[in-house]
Amino acid sequence: MPKRKTLTPDTLWIELETTMVDWKKADPDKLVQWYCQMMLVRRFEEKLLELDKLGLIHGPAHASIGQEVGAVGAMSVLTKDDSMNGTHRAHHQVLLKLITAVTPDGFDPLNDDFTDEMNDTVYRFMAEIMGLEPGFCGGRGGSMHMRYAEAGVMGTSAIVGGNPPHAAGYALADKVLGRDRVSVAFFGDGATQNGASYEAINIAGAHKLPAIFFIENNMMGVSTRLEEVTREVRLSSRGAMLGVPSIRVDGMDIVAVNLAMQEARKIIREEGGPVVIEAIVFRHYHQSSDKLGSDLGYRTKEEEAEWWAKDGVLRTESRLREMGLLDDAKFARIEELVSGSVQSAADLVTETKPGSNALQIPDRLWPDPKTVDRGILGDLSELQDCAFLDHADLAGMETEKVKLVTAASEVIVDAMRRDPTIIIYGEDVHKMSGGVSGMTKGVISEFPDRILPMPIAENGFTGVALGAALNGLRPVAEIMFGDFCFTAADQIAHGAGKARHMFGGDFPVPVVLRVRISPHTGYGSQHSCDPSALFDLFPGWRIFSPTNAFDYIGMMNAALRCNDPVAIIEHTGLYQKSHEVPKGRRDFCIPFGKAHITRQGAACTVLATSTMVEASVKAANETGIDAEVIDVRNTDYHGVDWDTIGASIAKTGRVMIAEETAGSMALAGRWAGEIQERFFDLLDYEVLRVTGGLAAPTVSRVLNTAAIASKSDVAEMMTRLTETA
């Protein structure tokens with residue numbers, strides 16, 4: 001018989017329970033304050049549901065009624081400087097973080113009135129949920145997307161599981177920058193079945209990040225019970241099995257949650273973190289309305305009545321009466337205080353329709369429709385003091401020939417010497433003398449504490465990059481193969497691609513993603529795509545495509561100074577190619593939005609990217625066609641240099657676009673449409689496109705070659721374009 005040994009976690013995994021003894025040990029003034037806070041949240045959300053029924057909230061209003069106590073207990077140990085985020089149901093956490101940030105020290109709800117700043121906070125949060133201009137994000141975020149960094153609300157996410165990686169990123173920034181803070185991600189039971197949450201907890205554990213992952217386990221998705229989708233319903237197990245200390249607690253017990261959070265901060269202080277807290281809670285209403293689950297058939301009235309009897313607000317009220325801390329008059333005082341503030345906010349966001357008792361939203365509170373596209377990207381003013389160079393500037397300068405891969409390592413090291421907020425991470429970047437391609441060689445030797453290994457979890461660590469960028473770092477994350485961007489597509493698209501605009505537009509999001517593409521190497525269909533078109537779908541990204549060492553230096557420096565997300569698409573086929581660069585200089589920038597004419601000509605214009613730039617120049621030289629070849633360089637919507645392109649088309653009258661990647665992944669379709677709209681009167685011929693085929697490259701050498709565009713394809717199309725000239 002084989003020996004059997006029961007295994008248990010090597011870390012703390014406990015369930016914390018309290019008794020009346022623990023309640024009596026708690027600070028009575030704080031107990032009263034906490035009760036006031038939970039009542040503020042409840043009355044606020046009840047008012048929201050009223051406004052929603054009147055049709056005054058456009059979009060969802062995911063109420064957290066029943067979950068207030070867990071949020072109050074969590075906030076009870078956070079400071080204004082601590083960071084937090086939440087998911088689509090986060091009114092309670094956000095309102096409490098906002099209100100505690102402006103509550104005066106020693107505030108006594110039994111004797112003090114809300115200050116103007118406290119009332120204004122309630123008003124502005126209500127306005128935001130209703131999509132109004134006075135809201136914290138100008139109405140852009142609404143109920144599910146909230147950011148107000150001044151109070152530590154770093155940005156909620158409507159994507160289930162989307163926010164835990166960001167909180168790990170906030171914590172990473174705090175650790176690297178030496179700040180004594182914690183970051184908290186609030187998410188529900190549904191998100192614990194999501195890979196991004198697992199990835200975030202794992203990354204935070206591996207790097208001992210000061211983060212708390214606060215799971216609100218209400219045992220129910222929209223209508224799906226937890227036991228229907230997982231066998232292990234003790235969700236704190238997710239942390240314990242990753243070696244992360246984990247605490248399970250009754251989320252309806254304010255003292256228990258406070259003690260659990262105190263324990264979490266103690267663990268972080270002594271061990272570095274992170275900690276998982278699982279709070280058992282219950283939302284009394286349906287997903288986004290005042291309907292009951294029993295109205296829709298997925299709960300029973302008996303179950304709902306049982307949970308109302310356990311309601312945390314009512315339990316707190318009962319305990320405070322039993323302890324003699326509050327009586328009817330004092331409860332009435334708190335009711336008047338919080339309801340008055342909530343009603344005042346509602347009065348400010350509504351008015352009575354003329355000749356009617358019905359309410360409407362005053363026109364003056366709506367955002368100006370003309371601002372709908374404002375704030376997608378910054379204005380690049382942060383680059384105004386940069387030293388800009390371009391290829392023409394090399395004439396007369398002392399130069400040296402450098403391989404692109406060498407330039408990449410050198411420019412990153414040089415930038416890290418200047419800027420202590422730059423960190424590098426990715427898969428295998430810290431080993432093998434520079435990672436899988438040698439790009440981090442200098443970083444490993446000079447900044448070993450600022451280069452971090454990441455698990456094979458692109459969505460997780462891309463989200464960590466976004467969170468770190470939102471909290472003071474300039475992360476450079478490597479995506480080993482371009483196809484893996486689709487694994488990280490949630491954070492690329494919904495996260496970094498939308499964050500600035502969604503939250504109001506006026507803050508930096510300095511994420512840099514280095515994306516390696518290798519369509520020619522025989523790695524097959526899942527390792528061979530160019531994902532530029534993915535980034536281009538989301539106008540919150542800037543995209544660089546360097547073709548030589550000079551461009552790489554200038555583009556990386558510009559990216560590392562830019563306050564927008566930047567993707568740098570690196571073709572591995574260019575890594576070993578050498579190019580002239582200024583001798584001893586790795587500090588110059590190349591301007592965003594400026595193409596480079598690599599070959600002057602008059603017969604036709606070729607817009608090329610990546611390896612197709614050199615292929616197009618060679619095709620022109622070998623065919624004898626006097627083509628003007630333009631290296632587009634910036635391939636995002638905002639960065640295409642239409643001035644240079646238009647001037648070339650005015651000269652040639654004919655234009656073609658050359659990309660190596662599969663036709664379905666090409667940018668050429670959008671560019672061709674833009675050319676037609678902008679320069680139709682200058683065209684003497686239809687816009688032609690060279691791309692790869694329909695299929696992704698495969699392992700077979702001949703099929704791999706056939707799948708991607710080549711010099712001969714360019715030459716053939718160039719001949720067709722000019723043969724009738």
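Any value given below was found using the heavy atoms of this structure, including those in side chains, with hydrogens, waters and symmetry copies removed. No experiment lies behind these values; they were computed from the predicted model shown.
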Begin from the C-alpha positions of T156 and R147 and carry the test side-chain contact (heavy atoms from CB on, under 4.5 Å) through to its verdict. CA-CA 7 Å; T156 62; R147 173 179 166 86; over 6 Å; no
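Checked by atom type, the side-chain pair Q33/D29 shows no donor-acceptor distance below 3.5 Å. A side-chain donor-acceptor contact under 3.5 Å links D253 and T18. Under the 3.5 Å distance criterion, with hydrogens and angles disregarded, no donor-acceptor pair is assigned to the side chains of T487 and N459. Between the side chains of N194 and S197, no donor N or O sits under 3.5 Å from an acceptor N or O. Under 3.5 Å, the side chains of S339 and E335 contain a donor-acceptor pair of N or O atoms. Using a 3.5 Å distance cut-off with no hydrogens or angles, the side chains of S237 and W13 do not pair a donor with an acceptor. Of the N and O atoms on the side chains of E216 and Q93, at least one donor lies less than 3.5 Å from an acceptor on the other residue. Using a 3.5 Å distance cut-off with no hydrogens or angles, the side chains of S143 and H91 do pair a donor with an acceptor.
Panel note: side chain S318, backbone L314; no donor-acceptor pair is recorded below 3.5 Å. Side chain of T230 to main chain of E228: no donor-acceptor pair is present (N/O by atom type, distance under 3.5 Å, no hydrogens or angles). Side-chain N or O atoms of T300 include one that pairs as donor or acceptor with a backbone N or O of E303 at under 3.5 Å. Side-chain N or O atoms of K97 include one that pairs as donor or acceptor with a backbone N or O of D82 at under 3.5 Å.
A heavy-atom distance below 4.5 Å is found between the side chains of Q193 and L235. Using a 4.5 Å heavy-atom cutoff, the side chains of M220 and R225 are in contact. Side chains of V464 and Q491 form no contact here, defined as non-hydrogen atoms less than 4.5 Å apart. Within the 4.5 Å cutoff, the side chain of E351 has heavy atoms near those of the R364 side chain. Within the 4.5 Å cutoff, the side chain of T100 has no heavy atoms near those of the K80 side chain. Residues K330 and V32 have side chains not in contact (no heavy-atom distance under 4.5 Å, counting atoms from C-beta outward). Within the 4.5 Å cutoff, the side chain of M154 has no heavy atoms near those of the H166 side chain. Taking 4.5 Å as the limit, some side-chain heavy atom of I277 sits within range of a side-chain heavy atom of M261.
Remark: R89 fails to qualify as a cation-pi partner of F186 under the 6.0 Å distance and 45° angle criteria applied to the six-membered ring.
No salt bridge links R238 with E232; every basic N to acidic carboxylate O contact stays at or beyond 4.0 Å. A salt bridge is defined here as a Lys NZ or Arg NE, NH1 or NH2 lying under 4.0 Å from an Asp or Glu carboxylate O, and R248 with E278 meets this definition. A salt bridge does not link E50 to K53: none of the charged side-chain nitrogens sits closer than 4.0 Å to a carboxylate oxygen. A salt bridge between E128 and R124 is absent, with no side-chain N of the basic residue lying under 4.0 Å from a carboxylate O of the acidic one.
Under a cut-off of 6.0 angstrom, the local environment of CD in E270 is crowded, with over 12 non-hydrogen atoms contributed by other residues, nucleotides or ligands. Dense packing is recorded around CZ of F114, with more than 12 heavy atoms of other residues, nucleotides or ligands lying under 6.0 Å away.
Judged as a ring pair (Phe, Tyr, Trp, His ring centres under 6.0 Å), and not counting sequence neighbours, the contacts of W308 are H284.
Two rings, from Y148 and F125, have their centers 6.0 Å or more apart.
V275 pairs in a side-chain contact (heavy atoms from CB on, under 4.5 Å) with only one of the listed residues (I268, T11, V184), which is I268. Residue R333 forms a salt bridge (Lys or Arg N to Asp or Glu O under 4.0 Å) with just one option from D112, D108, D327, D113, and that option is D113. Between D250 and the choices K310, E17, R315, the side-chain contact (heavy atoms from CB on, under 4.5 Å) rule is met once, by R315.
Summarising the geometry of M219 relative to I280, their closest heavy-atom pair is CE-CG2, 4.0 Å, with the distance given to 0.1 Å.
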Anything under 3.5 Å between a donor and an acceptor, one on a side chain of residues 133-140, the other on a protein residue two or more places apart or in another chain? List them.
unit_1, atom_1, unit_2, atom_2, d
R140, NH1, R374, O, 3.1
R140, NH1, H501, O, 2.8
R140, NH1, H501, NE2, 3.3
R140, NH2, T371, O, 3.0
R140, NH2, R374, O, 2.8

